[in-house]
Enquirer: 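Dropping a structure here in structure tokens format, bear with me for questions.
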Amino acid sequence: MKALLGIRGMGAAELERLVHRARHHATLLPGGRTAEKSLVNITVGMLFFEPSTRTRLSFELASRRLAGEVVIFDPDQSSMSKGETVQDTVLTVAAIGLDVLVVRHREVGMPERIHGWTGRPVINAGDGISEHPTQAIADCVTLLERFGTLAGLRVGVVGDVLHSRVAGSLLHALPLFGAEIVLVGPEGLLPETEHPTTTDLDEVIETLDVLYLLRLQRERGAVADAGYERGYQLDEGRATRMKPDAVVMHPGPINRGVEIAASVADGPRSLILRQVTNGVPARMAALEAVAGVAW
Ligand code: CP
């Protein structure tokens, strides 16, 4: 794999291989640092042109766990402030000697363009509203950890699905493992896909095994009317109507009191912090895959 740009178009075997490798790392991490040093002599560049907490830090940690070197690029402190373009910037960092580029950018397709310009392995850490493949890998690991299998799980993806790059990857990943998806949200925030949709969360909540909540991505143009929280917030009352073993997921950052009540985010059904924890092994597997490390 020369680049990990998205889940769309990926076959089940390829995704299963990544998830399997991530689960392998996940089993080793709780006891301390993994024994594998598969990125030794490889320098990973973090090119985050948009803010991030969990993705950037977990990529950094993943690289270090595997004995790779890490270089952080900060666009605000870079020569882009003097007019250097993204293309010239990435050609420069590649010439400096970065072997693998982890890219987040507000423009759809920028990771692919950077892969084309530099010829370096690239991992998409989120491009506009398009894809966020390593979040989907972390989420598959988290669901497998909880349920053992995804086959037959009914997953409600709730909220601003239209502007979510997390959903952009998840809607392709989960069916490859046999899960069923239903999209839930106001009409203006639901994309056209092959998955069933509803605007009524209360109509489906009792049928779902997983409520995967999404925040309103206002920075990408999401607009919601005044009734949004009443219609789509997972509050305590709604949570009591979930199936006994149903779980709550969210890729973060969460907006407490908007799409999720604080008590639900912190409650026993919540897998939100497991998703974060599993981001590290997911990114370890992704880095190994594009770096050409055999396993
Ligand atoms: N889920 C996610 O991408 O979070 P960050 O923006 O903090 O990386």
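Ligands are counted one by one from 1 in listed order, and the atoms in each one are counted from 1 as well. In what follows, every heavy atom counts, from backbone to side chain, and hydrogens, waters and symmetry copies are set aside.
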Enquirer: Between R104 and F48, is NZ or CZ placed under 6.0 angstrom from the six-membered ring centre and within 45° of the ring axis?
Expert: no
Enquirer: Who are the residue neighbours of ligand 1 when the rule is a heavy atom under 4.0 Å from any of its atoms?
Expert: S52, T53, R54, T55, R104, H132, Q135, P251, G252
Enquirer: Taking only residues at least two apart or on different chains, which pairs with a member in residues 82-101 satisfy side-chain hydrogen bond (donor to acceptor under 3.5 Å, both in side chains)?
Expert: S79-K82, T85-D88
Enquirer: Assess whether a salt bridge exists between E206 and K243, defined as any Lys/Arg side-chain N lying under 4.0 Å from an Asp/Glu carboxylate O.
Expert: no
Enquirer: Does T55 offer a backbone N or O that forms a donor-acceptor pair with the side chain of S58 under 3.5 Å?
Expert: yes
Enquirer: What pairs with H115 under side chain to side chain donor-acceptor pair (under 3.5 Å), at least two apart in sequence or on another chain?
Expert: none
Enquirer: Write out all pairs satisfying ring pair (Phe, Tyr, Trp, His ring centres under 6.0 Å) with one or both partners inside residues 230-263, taking only residues at least two apart or from two chains.
Expert: Y228-Y232
